[in-house]
Amino acid sequence: MQNNHHKEHLYKILVIGDLGVGKTSIIKRYVHHNFSPNYRATIGVDFALKVLNWDQETVRLQLWDIAGQERFGNMTRVYYREAMGAFIVFDVTRPASLEAVAKWKEDLDSKLTLANGKNVATVLLANKCDQGRDVLTNNGIKMEQFCQENGFVGWYETSAKENINIDEAANCLVKHIIASEKDLLQSEVPDTITPQLENDKGGTCSSCFRSQ
Amino acid sequence: MLTSIPFARPQDAGPSVAIVTKVNRIQDQLVKKHDVELHMHVNRLEIAPQIYGIRWVRLLFGREFPLQDLLVVWDALFADSITLDLVDYIFVAMLLYIRDALIASNFQTCLGLLMHYPPLGDINALLQKALFLRDPKNNPRPANYQFQQNLDYYKTRGADLMNKTRSSTKTAPLNINKVSSSLLSFGRKLIAPAIMGGSGGVSPINSEVHSSSSSSSTSPASAPAPALSHPLAEPPSARAPSQTQSHAQNQHYRLLKSESMPVQLSKDAGSVGASRVSLPTPTHTDTQGQSSRTVSSSPSIESLSGGRAQSTASPPLPPSRGSDVSTSSPPLSATKKDSFFNITRSRSHSKTMGKKESEDDLEAQVSFLQGQINDLEAMSKFCAKMMNTHICKIQEVILQENLEKEDEVLVSLAGLKQIKDILKGALRFNQSQLEAEENEEITIADDHYTSIAAAEKARAAINHQGDHQQKESSRPSRDSDLDGSLSTEEQEQEQEQEQVQEQVQEQEQVQEQEQATTPAEQQVTSFHGSEFKNWDDYILVSQDGDLQAPEGGGAGGEKASAEQTPPIRRGRGLVRLEPEGEAGTFHDPLMAAITSGSSSPDEGSTNSKDSDFTIVNPNDL
């Protein structure tokens with residue numbers, strides 16, 4: 001059905017992290033290419049759509065902007081459903097928001113796994129890097145280590161205000177999502193092929209053999 | 001449990017569970033109760049209510065409406081009760097408002113609609129809907145007020161649906177447009193004269209139009225001023241819900257290309273002609289040409305002749321009424337068929353473009369047609385309401401005037417009321433019945449005027465068993481009398497309208513046309529209304545007339561009916577000049593179809609009647 005056209009992918013991507021770290025701003029920058037200095041708390045969840053051209057294929061990203069305060073509720077499970085990837089955002093000027101990253105990751109992994117049981121691809125965003133480089137992210141090695149420990153596929157210093165690294169981070173995430181999707185499809189292959197194999201070997205079935 | 005949910009603490013669970021419980025209860029109980037289909041749809045898409053509902057409830061809809069509307073909502077909420085239990089019903093009313101769009105949409109578009117709630121034309125309509133949902137007994141039933149997918153929605157939604165259906169929908173719905181373009185323009189023009197024709201001055205009528213088209217309730221209990229002034233101040237959005245919205249809907253897919261449409265839509269009713277000019281379809285250019293040729297033709301004629309010009313070549317022939325009826329109605333069905341062919345063509349065409357696209361195409365078509373149906377529904381509701389007000393006005397005037405032929409006029413008015421009820425949906429209009437009646441009528445219709453005269457006479461003299469011969473002899477004078485009395489009425493109305501016109505000071509030619517022809521239309525309407533009514537009487541009262549017609553009447557009756565009509569037209573012509581006759585002739589099929597077909601005696605002499613009555617009924621779409 002899609003053979004005549006280039007393939008289309010639709011991925012649900014979560015954007016989570018503590019209150020006021022700039023999740024909505026990142027999405028706004030990424031999707032609408034603008035930035036507003038005014039703060040407006042997201043309530044519950046919001047969403048936006050981004051269309052990418054990816055190797056002659058169309059990738060649609062459904063970006064779910066989950067309010068930071070929702071971690072206090074027991075509702076994130078509903079929002080996480082069927083997501084293929086996630087950004088976890090923290091604010092480089094607020095160390096507490098980095099501490100919360102681990103909790104967010106844990107929350108995410110506990111409620112959301114891919115069909116093959118793996119965790120979804122997650123990219124860590126150190127937002128507001130225009131506000132001056134923080135000691136937290138100064139040590140790149142330390143951050144790499146943090147990512148490995150917590151299962152992030154990568155991390156980026158970003159700024160929604162200055163439009164730094166946001167596209168790069170998104171591309172990184174999409175790349176990993178596509179990879180994990182292929183992984184997923186391959187892991188499903190044996191299951192889908194099984195009936196065909198049976199058809200091929202139909203004659204070897206003991207009962208059939210007897211009847212013949 | 002707690003270990004697997006790191007952020008959840010017992011004290012947090014309380015409030016969050018409460019709001020989730022609330023929105024779940026709203027969706028699973030209230031929505032299910034009031035709209036099962038919608039409930040099934042959101043369930044099928046697995047859209048949990050907390051995804052959109054939490055923000056709705058937590059902020060008391062603070063992000064869903066513009067501030068002006070929000071203040072109205074909050075006033076309603078806080079004034080209603082300290083428990084704010086109206087929230088639940090506003091919630092449901094909001095869902096119902098966009099239910100058609102939701103049902104026609106996929107998961108993603110649904111989320112877009114729910115999380116970026118589309119702009120509302122009339123917040124009061126929503127509140128009244130909410131009140132009605134909570135307590136149907138003590139609150140007036142608001143008419144179905146539905147969000148029509150418009151450009152704004154797609155703009156905010158990004159390229160989502162547009163991209164998917166781009167190539168196929170651009171062509172297909174254009175053809176669908178043709179199906180009901182004539183109907184819609186007919187409706188628009190019905191509405192337009194009504195706006196202009198009101199005797200109570202312009203602004204009240206206009207506001208009435210707005211509130212009725214948006215809330216569409218016959219009794220706007222508390223339609224306050226702010227909502228009226230506010231939407232009127234913003235033409236594109238505010239105008240949209242009324243007569244122009246159907247147009248907007250119509251234009252929707254074209255809008256994907258050009259965004260200039262809303263500007264045209266924002267113009268007044270008078271600019272219908274102007275916007276029509278801009279339409280690229282041949283139908284409309286033909287219409288335009290025709291309307292300029294026959295300057296004072298009735299609005300409905302234009303729409304009809306548009307269809308005719310497209311499908312058949314038969315030009316309108318005002319002088320010969322009998323033939324007009326026969327020529328004017330078949331083209332209607334022809335138009336329709338033609339456009340359905342177009343649909344099928346486009347569908348088969350889209351098949352070649354891949355299943356997915358055709359699915360999207362169909363989906364878009366379904367939503368589009370749904371929108372059309374809603375438009376037509378709203379249109380007929382609106383027509384009913386306007387008819388009602390005008391009928392009441394006429395009735396008042398007549399009662400004051402103590403006219404000599406008061407009874408006849410009142411009978412006509414009763415017929416009009418019946419039409420109104422049909423439009424309103426209070427009276428069942430059944431297609432098959434209509435056709436059956438129509439077929440039976442072939443033999444007896446010639447005698448129709450006699451029977452009318454008979455019925456009227458019987459009514460006037462309170463003598464139901466009168467001699468048929470006598471009635472027949474009294475017929476011509478009676479008809480002319482009837483005509484005369486209506487003409488005076490019509491003159492009054494014309495005067496009223498001229499006053500209105502002066503007040504408005506928008507003297508576009510199109511407007512003048514429409515205005516000038518309004519009374520004609522109304523007269524025709526009432527005329528047929530009387531026929532309709534009397535036909536019923538006839539069936540009930542003097543059944544033997546049926547038998548008499550084929551026997552004694554025969555060709556004579558036919559002749560009689562043929563002779564009958566020209567004098568009437570001539571009579572009108574004295575007062576009103578040509579448009580009258582045209583309005584009468586061309587209006588026939590539509591009116592006939594609307595008023596269940598038993599109305600026009602002339603159709604007894606037409607051959608192709610079965611195919612005539614498929615057009616106007618909105619259900620048919």
Side-chain angles (χ1 to χ4, degrees), chain A residues 1-8 10-12 16-19 27 31-32 40-53 58 60-82 100-113, chain B residues 1-21 23-24 46-64 106-112 114-116 156-164 167 352-359:
Chain A
M1 131 179 168
Q2 289 176 340
N3 290 342
N4 298 339
H5 303 276
H6 55 255
K7 272 190 182 174
E8 282 197 7
L10 176 66
Y11 300 126
K12 174 174 171 178
I16 53 179
D18 256 12
L19 198 72
I27 290 174
V31 176
H32 302 292
R40 188 171 124 124
T42 305
I43 305 296
V45 64
D46 207 337
F47 100 137
L49 195 73
K50 172 81 175 181
V51 183
L52 290 177
N53 286 320
T58 303
R60 293 172 196 277
L61 303 180
Q62 224 180 61
L63 295 157
W64 284 59
D65 179 10
I66 292 163
Q69 68 273 17
E70 292 305 324
R71 71 170 178 133
F72 295 115
N74 192 6
M75 287 172 288
T76 46
R77 188 184 298 273
V78 173
Y79 304 145
Y80 291 168
R81 263 184 93 239
E82 290 172 355
V101 164
K103 290 187 177 178
W104 276 106
K105 185 71 166 75
E106 195 186 338
D107 189 49
L108 182 68
D109 290 343
S110 67
K111 292 174 184 168
L112 176 70
T113 50
Chain B
M1 183 68 187
L2 280 178
T3 53
S4 68
I5 303 158
F7 292 120
R9 294 168 294 162
Q11 63 268 34
D12 298 327
S16 75
V17 165
I19 195 166
V20 172
T21 310
V23 292
N24 273 319
E46 298 184 322
I47 297 175
Q50 57 258 52
I51 289 172
Y52 59 91
I54 279 180
R55 186 173 68 198
W56 288 15
V57 174
R58 262 199 205 146
L59 301 186
L60 296 179
F61 313 107
R63 296 258 172 100
E64 325 310 323
N106 57 15
F107 175 80
Q108 192 159 293
T109 314
C110 277
L111 278 186
L114 291 166
M115 291 163 81
H116 307 128
T156 57
R157 197 65 37 255
D160 172 21
L161 187 86
M162 273 164 66
N163 279 349
K164 274 194 205 163
S167 48
T352 64
M353 307 175 74
K355 273 181 200 163
K356 189 180 180 189
E357 299 229 341
S358 73
E359 262 171 35

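As a basis for the values below, the full set of heavy atoms in this structure was taken, side chains included, without hydrogen atoms, waters or symmetry mates. Here is the naming used below: chain letters follow the sequence lines, and residue numbers restart at 1 for every chain.
When all heavy atoms of B/I54 and A/G44 are compared, the pair lying nearest together is CG2-CA, 4.3 Å. Across every non-hydrogen atom of A/Y79 and B/I51, the tightest pair is CE2-CA, 3.9 Å. Residues B/R63 and A/T42 share a closest heavy-atom pair of NH1-CA, 4.3 Å.
If you take CG on A/L10 and CZ on B/F107, they are separated by 9.0 Å, rounding to the nearest 0.5 Å. We find the CD-CD distance between A/E70 and B/Q50 to be 10.0 Å, quoted to the nearest 0.5 Å.
Remark: A/E82 pairs with no residue by the side-chain hydrogen bond (donor to acceptor under 3.5 Å, both in side chains) rule, at least two apart or across chains. The side-chain contact (heavy atoms from CB on, under 4.5 Å) test applied to B/V57 returns B/I19, B/K22, B/V23, B/V87, B/F91, not counting sequence neighbours.
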- Item | Verdict with reasoning, B/L111 to A/W64, per side chain to side chain contact (heavy atoms under 4.5 Å, CB included) | CA-CA 11 Å; B/L111 278 186; A/W64 284 59; 3.2 Å; yes
- Item | Steps toward side chain to side chain contact (heavy atoms under 4.5 Å, CB included) verdict (A/V45, B/R55) | CA-CA 8 Å; A/V45 64; B/R55 186 173 68 198; over 6 Å; no
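Using a 4.5 Å cut-off between heavy atoms, A/R40 contacts chain B through both its backbone and its side chain.
A side-chain hydrogen bond (donor to acceptor under 3.5 Å, both in side chains) with B/Q108 holds for exactly one of A/K12, A/R60, A/Q62; it is A/Q62.
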